[in-house]
Amino acid sequence: SGVKKVTVVSVTPIGNLEVVSLETTTHTFVAEGLCSHNSFNDTYDKSRMDLVPKPDLLNYGGGDTDACLRTSGKLRNELIKDKRLANFYIKLLQPSVQVFEKMERRGLLVDMPAYEKLRVDVSKELNVLASEAFQMMPRKIRLKYSDNLSLTRDAILREFLFSKRGMNLKPQMFTPKPDKDGNKRPSCAMEHLEMFHDNPDAQQFVEIMRNYNSAKKTLSTYIDGFMKHLRPDGRFHPTYMLHRGDYGGSDSGTVTGRTSAKDPAYQTIPKHTRYAKPLRKVYIAPPGMVVLNCDFSQGELRVAACVAQEETMIDAYKNGIDLHSVTAAKLAGYDFDEFMKLPEAVRDGHRSGGKAGNFGLLYGMSAGGFMNYARVTYGVNLSLTESENFSNGFFELYPKLVDWHAEYKALAHRWGQVRSPLGRVRHLPLINTHDNETRAKQERQAINSPIQSTLSDLAQLAMVHLDMRYPDLEMVGMTHDSLTMYVEEDKSDIWAARVVDVMENLPIQKDFGWNPQLKFIADAEAGLNMADLKKIKLAA
């Protein structure tokens, strides 16, 4: 308890300088057991700071302010030693924070009746799927576990899938911890169950479990979990994190430099599950307005092509050729012109494989990982041998990707960090560890961090320039490579053209000294909600 001075620090970038202003006020702090952040976190829901009593809120805020003051001088001195990083901070990161603050205040409007109906529908489907799964099990197993007959109970799944009482499948994965008799215990993770998808006896059950887990995740995370953060104004106001925070905790952020959001983590809403569209349908525009979403078209692939200087990819983009079709043609054994003459339905089937290859193998995913990724994400079923052949063919088509992987791994091992084309630094302090698993993880981050962070940073840079040019534009969401806003329904075409123009003409070379070989193209779509967006065709 006692009277303490609180110093509020504000930093304004002007050119290559930072103007720091300090304002000191006096406040009486009362010790009520809430002095530490941990105590505050245990007591209050931080997504509802409006409900926190002012004395406790001031105690909490005062600690943050004091910590900022104490560390700002040290960090500023470190920052100005690295001119590229300082430039990145001044011209991109710091101004984007101010735009994110506006975005957080505006929030995302939610259709509550639709959300409640979705909750009921998913709950019913869970019951139906559980009933179908238990009907496949022998009566003896159902009776044995009748005290708690649940599909989330590993003992039931193990006995049904891997014992003679059930399907008697041969397990491929095991849990780290053995059973009480020291025997290996088969894993019940969905990753393991997916390995039996092609088994005629197990195929139906695996499909049920896949749908059950998807429905359960939808209900627990994206419906019940999200609705805890609904504010009185009928909107979600997620908090964006532009940092790597406490490792492994709820405030971790990302390891690649992408933004992340929490309370709720709306950026994680799935795109490819059966519940993706119903979930996105509840995010609606205010009356008289539409949701306008603009994103960089294949931005990650374009950034990687430029960084790797991969001529085949660069030539395809420069000539307006669909890269997914280029990959699909090669891997299906066709000349590109022959491939494009195939019936559309056949071509589209191969193109899904090309898309899986481009996004799954870009950073060097293993054959086993790619096999699961292709099946779960794009519905492409491959054997392990087919996956290996697919991977080999992919890197034969794009050989400079292999050189890029090797180069960035070597840079990380030498300097303990990698840098993105815009100047962002990803520190990799454990890159030279003797632990193979940790080293491999750091090497993967050395490859993907500069690419994923660059695309996210381009979206943030677009936010900054849109806010400067159109301060009244109601930007309400940002997800990696896309921006979401509410615009007048009768002016959606006008706003789409404005936003795309800014996104495609960012001062990348002028402000950051990077002259990519490709232009980063943006697409626009609009609709009354986030599920029913229709592409807007812009004038050339």
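Atom set for the values below is all heavy atoms of this structure, side chains included, hydrogens, waters and symmetry mates excluded.
L466 CG to L473 CG: the interatomic distance, rounded to the nearest 0.5 Å, is 6.0 Å. For the atom pair OG (S96) and OH (Y89), the distance works out to 10.0 Å, reported to the nearest 0.5 Å. Note: D467 CG to Q98 CD = 8.5 Å, rounded to the nearest 0.5 Å. F205 contributes atom CZ, which lies 12.5 Å from atom CG of N199 (distance to the nearest 0.5 angstrom). For the atom pair CG of L92 and NE2 of H465, the computed distance is 8.0 Å after rounding to the nearest 0.5 Å.
Heavy-atom neighbours of Q204 CD from other residues, nucleotides or ligands within 6.0 Å: at or below the threshold of 12. Around atom CD of E191, no more than 12 heavy atoms belonging to other residues, nucleotides or ligands sit under 6.0 Å away.
Here the closest non-hydrogen pair linking S387 and A367 is OG-O, 2.6 Å. The minimum heavy-atom distance linking I141 with F160 is given by the pair CD1-CA, 3.8 Å.
Taking the centre and axis of the six-membered ring of Y317, the NZ or CZ atom of R302 falls inside the cone set by 45° and 6.0 Å.
Within the 4.5 Å cutoff, the side chain of M241 has heavy atoms near those of the K262 side chain.
The aromatic rings of F162 and H192 sit parallel, their planes meeting at an angle under 30°, below the 60° perpendicular limit. Classified by interplanar angle (parallel below 30°, tilted 30° to 60°, perpendicular above 60°), the ring pair Y283/F236 is tilted.
The one candidate from E104, R106, R105 that meets the side-chain contact (heavy atoms from CB on, under 4.5 Å) condition with K102 is R106.
For F359 and H324, the ring centers are positioned less than 6.0 Å apart.
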> Stepwise, does the side-chain hydrogen bond (donor to acceptor under 3.5 Å, both in side chains) test hold for Q460 with Y240?
Replying inline: CA-CA 12 Å; Q460 290 183 58; Y240 289 86; over 6 Å; no
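Although no hydrogens or angles enter the test, the distance criterion places no donor-acceptor pair under 3.5 Å between the side chain of R119 and the main chain of I223. Judged by distance alone, with hydrogens and angles left aside, the side-chain atoms of Q267 form a donor-acceptor pair with the main-chain N or O of M478 at under 3.5 Å.
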